Amino acid sequence: LQLGKLIPERYGCDSACCHEHDACEAAATRREVFGGQVVTMLNSEDPSQAVEWPSGFRGVNTQDGVTSQEFSFPKYLPGGTSGGLGAPASDWATDGTSEPLRSGDTVAWYHPTANKVYDCAGSTCSLQPFPLPNGHWGSPYRIYLLDGSAGDPIYFGDSVYFDRMVSGSY
């Protein structure tokens, strides 16, 4: 997956520029991504496709007010191996400005409008509340920079992949 564009309504970008995906988009590609910042996730093999809540890949939607392709990745601050299961919201960076994402960070795949996270412990994904409830080990993920090293910063335009817990451990 590729981290897509900033959501212009939330970040003060000139809306005409951002909606045309030209110079504003190019300028945003080397901006760091922060825990909780609203983003779109693009298919790195076909950037005309975006992840859409809750169904999977669909064509990139450029209509104003459509939130089905907006996601954020709250960052679990304490680290460790618990994945944030049962942790309070205060243990997560959700403001989109204070904690940059780094390769190897524990995150939740969160949809702000639905106020739910993906939980993919089985063959199909379920939707769970945020913060993550105890026992839902299919909800925390670790985000990695493709061809990167642990601790490398993640920028808009970078290709990333995820792993998740299996039976409560990474």
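These numbers come from a predicted model, not from an experiment. Position 1 is the first residue of the sequence; numbering continues from there. All heavy atoms count here, side chains included; hydrogens, waters and symmetry mates do not.
A tilted orientation is assigned to the rings of Trp53 and Tyr118, their planes being inclined by 30° to 60°.
Between the side chain of Lys75 and the backbone N or O of Pro100, at least one donor-acceptor pair lies under 3.5 Å. Put simply, the side chain of Glu70 never gets that close to the backbone of Thr67: no donor and acceptor are under 3.5 Å apart. Judged purely by atom type and a 3.5 angstrom limit, His136 has no side-chain atom pairing as donor or acceptor with the backbone of Ser139.
Here Ser44 contributes atom OG and Asp158 contributes atom CG; the two are 11.5 Å apart, rounded to the nearest 0.5 Å. Rounded to the nearest 0.5 Å, atoms CG (Leu85) and CH2 (Trp137) are 10.5 Å apart. Interatomic distance, Ile154 CD1 to Ile143 CD1, rounded to the nearest 0.5 Å: 4.0 Å. Note that CZ of Arg142 and OG of Ser103 are 10.5 Å apart. Values are rounded to the nearest 0.5 Å. With rounding to the nearest 0.5 angstrom, the CG atom of Asp46 is 9.0 Å from the CZ atom of Phe57. Distance check, rounded to the nearest 0.5 Å: CG of Asn43 to OG of Ser159 gives 9.5 Å.
Identified under the disulfide (SG to SG under 2.5 Å) test for residues 137-170, with sequence neighbours left out: none.
Shortest non-hydrogen contact noted between Pro88 and Pro131 is C-CG, 4.2 Å. Taking every heavy atom of both residues into account, Gly59 and Gln49 meet most closely at N-OE1, 3.6 Å. Annotation for Pro140 and Thr106: closest pair CB-CG2, 4.2 Å, computed over non-hydrogen atoms. Arg102 and Pro153 make their closest contact through NH1-CB, 2.8 Å (heavy atoms, listed as atom of the first residue, atom of the second, distance). Considering all non-hydrogen atoms of both residues, Val60 and Pro47 come closest at CG2-O, 3.5 Å. Contact record, Pro129 with Pro133: O-CD, 3.6 Å, taken as the closest heavy-atom pair.
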Run the side-chain contact (heavy atoms from CB on, under 4.5 Å) test on Tyr110 and Phe73 for me, step by step, so that the C-alpha distance in whole Å, both residues' side-chain angles and the decisive distance to 0.1 Å come before the verdict. CA-CA 6 Å; Tyr110 177 69; Phe73 295 94; over 6 Å; no
For Leu77 and Asp91, run side-chain contact (heavy atoms from CB on, under 4.5 Å): C-alpha distance rounded to whole Å, both residues' side-chain angles, the deciding distance at 0.1 Å, then the answer. CA-CA 6 Å; Leu77 297 172; Asp91 282 356; 5.5 Å; no
Let's go through Thr40 and Phe71 carefully: what are the C-alpha distance in whole Å and the side-chain angles of both, what is the deciding distance for side-chain contact (heavy atoms from CB on, under 4.5 Å) to 0.1 Å, and is it a yes or a no? CA-CA 6 Å; Thr40 56; Phe71 296 93; over 6 Å; no
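Residues Tyr76 and Asp105 have side chains not in contact (no heavy-atom distance under 4.5 Å, counting atoms from C-beta outward). Arg58 is listed as a side-chain neighbour of Gln69, based on a closest heavy-atom distance under 4.5 Å. By the 4.5 Å heavy-atom criterion applied to side chains, Cys120 and Tyr141 are counted as neighbours. In this structure the side chain of His111 never reaches within 4.5 angstrom of the side chain of Leu127, judged on heavy atoms. Residues Val160 and Met41 have side chains in contact (heavy-atom distance under 4.5 Å, counting atoms from C-beta outward). In this structure the side chain of Val117 never reaches within 4.5 angstrom of the side chain of Trp109, judged on heavy atoms.
The environment of Arg164 atom CZ is dense: over 12 non-hydrogen atoms of other residues, nucleotides or ligands sit within 6.0 angstrom.
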